[in-house]
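Reading through the structure tokens given below for one structure.
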Amino acid sequence: MAANNVTPFDLFFTNEEGESLQFSYSSEKQGLFFSRKNTAYQISGEGDSSMEESDVLAIDTKKALSVQIFLDRSSIEIFINENETITSTFYVQKSFSLLQLNSQTEHLLEDLALGNIE
């Protein structure tokens, strides 16, 4: 998917308990970000500061957008254009069983592979 054609999208990993992780592109925030605010067990920083969302990662709109996501029981690593990374831990009641993409426009996914790492 070419970054200069990217329109807002939300990619959700969800489970039977209604918990979810969210990876999004937001034109309002002008970049990519990750959120774990819809998980049962929240992680907080010093002085109870919220750690629900990652910092926004600006993308180069002149290059193609490549995203690889590795997800296990309590961590996620998102590699963007092979040189930027968003990494986070999370704690949920059950493993994720559903992948959902929400967008108001069409997105072309050139390669999608799901699998288990053993």
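On a predicted model such as this, the values are computed, not experimentally measured, just so you know.
- Cluster membership check: I59 shares its hydrophobic cluster with V67, using side-chain heavy-atom separations under 4.5 Å among Ile, Leu, Val, Met, Phe, Trp and Tyr.
- Here the closest heavy-atom approach between residue K29 and residue V56 is recorded as O-CG1, 3.3 Å.
- Side-chain atoms of N38 never come within 3.5 Å of backbone atoms of E19 as a donor-acceptor pair (strictly under, hydrogens ignored).
- How far OG of S95 is from CG of L71: 9.0 Å, rounded to the nearest 0.5 Å.
- When every heavy atom of S103 is checked against every heavy atom of P8, the shortest pair comes out as OG-O, 3.5 Å.
- Between the CZ atom in F34 and the CG atom in L57 there is a gap of 14.0 Å [rounded to 0.5 Å].
- At least one side-chain heavy atom of I86 sits under 4.5 Å from a side-chain heavy atom of F23.
- Taking each heavy atom of D55 and F33 in turn, the nearest pair found is O-CB, 4.2 Å.
- Between E77 atom CD and T89 atom OG1 the span is 11.5 Å, to the nearest 0.5 Å.
- Using a 4.5 Å heavy-atom cutoff, the side chains of T39 and Y91 are not in contact.
- Here the CD1 atom belonging to I80 is positioned 12.5 Å from the OH atom belonging to Y25, to the nearest 0.5 angstrom.
- Side-chain contact check for F9 versus L32: some heavy-atom pair is nearer than 4.5 Å.
- In this structure, F90 has its ring center no closer than 6.0 Å to that of F13.
- For the pair Q100/D10, no side-chain contact is recorded, criterion being any heavy-atom separation below 4.5 Å from C-beta on.
- Taking OG of S20 as the reference point, atom CG of L99 lies at 12.0 Å (rounded to 0.5 Å).
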Check against side chain to side chain donor-acceptor pair (under 3.5 Å), Q22 and S24: CA-CA 6 Å; Q22 176 184 352; S24 301; 2.8 Å; yes

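- At least one side-chain heavy atom of I76 sits under 4.5 Å from a side-chain heavy atom of S88.
- To the nearest 0.5 Å, atom CD of residue E16 and atom CD of residue Q93 are 11.0 Å apart.
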